[in-house]
Amino acid sequence: MITKTDMRKPVIAVIGLGFVGLTLAIVNSYHGFKTIGIDINQKKIEQLNNGSSYFYEPKLDQLLKKAIHKDKIIFSSNLNLISESDIIFITVGTPPKSNGQIDLNFLKNAINNIGKIINKDSKNRTIVIKSTVVPTTLKHIYSKFRNSKTKIVVNPEFLREGNAINDLENPHIIVIGEEKKNSSKELISYYNKFYQKTPEIILTNFTTAELIKYSNNAFLATKISFINSIASICQNLPNTDVDTIAYAIGKDSRIGSEFLSAGPGFGGSCLPKDLSALINFSDSMGKSNLMFKAVKNVNHDQIDRIFELMKKMKILKKSSKIGILGVAFKKETDDIRESVAIEIVNKLLKKGLEIHVHDPMALQNFKELFVDKIKYFKSAHECISNTDCCLVLTEWPEYKKLKEKDFLKMKQPNVIDSRRILESKMFKKISYKAIGLGI
Ligand code: UGA
């Protein structure tokens, strides 16, 4: 009898080693699949072959070292290596353009170049598009492979930065879009070998699969803007606490408790980009989407809520120094893309204030952006000492440990906690304000 482990494992190629592609490549090889990771950036390839990732993702470096040791993975810039592969995952970026549309150039180039290589042989292959693309994108690109033996499917991913390995190992669902019947046979067989117990697979067409990805992120963004709207009411209503409200409504299974943490607004490379792309896509159909526009506006307004609190504290003066704790768009990442910290710092600099920043992981990325316009600190204590206001923007666990005595080293002990992570009940001598608390 052939067992699951006896079945021949397909050779996997992953094109585009960003956060999704690299996580996928490393975890794949860790599961015993021979994996070829391809990226055009030679510097990244060199670093990866030396056993270290070029961005921070918990546990990824350890897994990378183990994968290299097992000799199941190679990283290269040479696309020709894909001729060895059975399944090719395309995970190249689809970055935002200034009008909200996504830039498909990386994807189109990858597909063209892959086509040139694999159309030469007669091997049965599956190309899996994991890059996030607006509905109908694949229908247009599909024609490139229509006459070859190549199967092409859409397979959106739902990995969160900071939790990517866990999300890959334990997905809530697998979504596959195919245009020709049975195109996803090899991909499903691969998933059956990858997972001990394969998660539920939703098999649909290209366009529905593409729209599922956008719907997922748009819903998450909507939940956050919803709770941030409640937080704004709380902020103006004494003795109210948005977290108690979120806990109570989250207990209703129709609502669910996740993604109800009010904060400075969602950032990152996905939710803002996907929401803008969906708005743009709806507009292009002549169906302006009022809800998603409102979600985006509410998100942007959260920055004003923070400035309202600073105004109340009377610290928006040229002579003021602000200590910002956390510049990554969320904890457990060094990613600052679309982080609210960027706009807040720009606004404060325009007003002439002195800015101090700390982040356990993202400081170097922030330094590359702001260079010598602000001051960078290796510890949270140093960052806030002698400042007029401490602004907590990212929910890093180490900030939770800060005590009243730490804030009393400030010039003026004003604290704005945009994530409500500090133990404010213990504060007696501090002026404490927070997003979503009516105090
Ligand atoms: C998001 C989705 O959660 C993933 O499912 C998806 O695969 C990914 O985008 C993608 O499209 O690739 P990610 O951008 O890594 O993942 O981050 P999230 O955990 O969704 O957080 C996004 C932002 O929302 C962060 O700024 C976070 O602080 C904020 N947030 C999140 C809140 O303000 N409140 C919450 O309750 C949750």
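Only heavy atoms go into these numbers, but all of them, side chains included; no hydrogens, no water, no symmetry mates. Both ligands and their constituent atoms are indexed starting at 1 by order of listing.
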Please assess Thr333 against Phe19 for the test side-chain contact (heavy atoms from CB on, under 4.5 Å), listing each intermediate value before the final yes or no.
-> CA-CA 11 Å; Thr333 179; Phe19 139 80; over 6 Å; no

With heavy atoms under 4.0 Å as the rule, classify the contact between Asn217 and ligand 1 as side chain, backbone, both or neither.
-> side chain

Of Arg419, Lys330, Glu395, which has the heavy atom at the shortest distance from atom 18 (P) of ligand 1?
-> Lys330

In the protein, what heavy atom is nearest to atom 20 (O) of ligand 1, and what distance, to one decimal place, separates them?
-> Phe259 CZ, 3.2 Å

Which atoms from ligand 1 have a heavy atom of Leu260 less than 4.0 Å away?
-> 36 (O)

Polar atom proximity, Gly267 to ligand 1 (N or O, under 3.5 Å) | yes

Any idea which atoms of ligand 1 are less than 4.0 Å away from a heavy-atom of Lys213?
-> 6 (C), 7 (O), 10 (C), 11 (O), 12 (O)

Can you check whether Leu220 has an N/O within less than 3.5 Å of an N/O in ligand 1?
-> no

What do you reckon, is CD1 of Ile40 surrounded by more than 12 foreign heavy atoms closer than 6.0 Å?
-> no

Nearest neighbour in protein (non-hydrogen) for atom 5 (O) of ligand 1 | Phe158 O, 3.3 Å

Can you see which heavy atom on Asp283 is nearest to which on Ser288, and at what distance?
-> OD1-CA, 3.4 Å

What's the shortest distance from atom 24 (O) of ligand 1 to any protein heavy atom, and which residue and atom give it?
-> Phe266 CB, 3.2 Å

Within the distance-only criterion (no hydrogens, no angle test), does the side chain of Asn217 pair as donor or acceptor with the backbone N or O of Leu275 below 3.5 angstrom?
-> no

Heavy-atom contact under 4.0 Å between Ser261 and ligand 1?
-> yes

What's the shortest distance from atom 30 (N) of ligand 1 to any protein heavy atom, and which residue and atom give it?
-> Ile224 CD1, 3.4 Å

Are any of the side-chain nitrogens in Lys347 or Asp304 under 4.0 Å away from the carboxylate oxygens of its partner?
-> yes

Given Asp335, Thr394, Leu159, which one has a non-hydrogen atom that is nearest to atom 4 (C) of ligand 1?
-> Leu159

Fit a plane to each ring of Phe194 and Tyr191, take the angle between them on a 0 to 90° scale, and name the class: parallel (under 30°), tilted (30 to 60°) or perpendicular (over 60°).
-> perpendicular

Ligand-side contact atoms (ligand 1) for residue partner Glu161, heavy atom cut-off under 4.0 Å | 15 (O)

Out of curiosity, is Cys270 lining ligand 1, as in a heavy atom under 4.0 Å away?
-> yes

So is Lys213 actually on top of Phe158's ring, under 6.0 Å and inside 45° of the axis?
-> yes

Does Lys223 count as lying over the ring of Phe259, i.e. NZ or CZ under 6.0 Å from the six-ring centre, within 45 degrees of the axis?
-> no

Can an N or O of Thr132 be found at a distance shorter than 3.5 Å from an N or O of ligand 1?
-> no

Kindly confirm or rule out a cation-pi arrangement of Lys72 over Phe33, judged by NZ or CZ under 6.0 Å from the six-membered ring centre and within 45° of its axis?
-> no

dist Leu24:CG -> Leu159:CG (nearest 0.5 Å) comes out at 8.0 Å

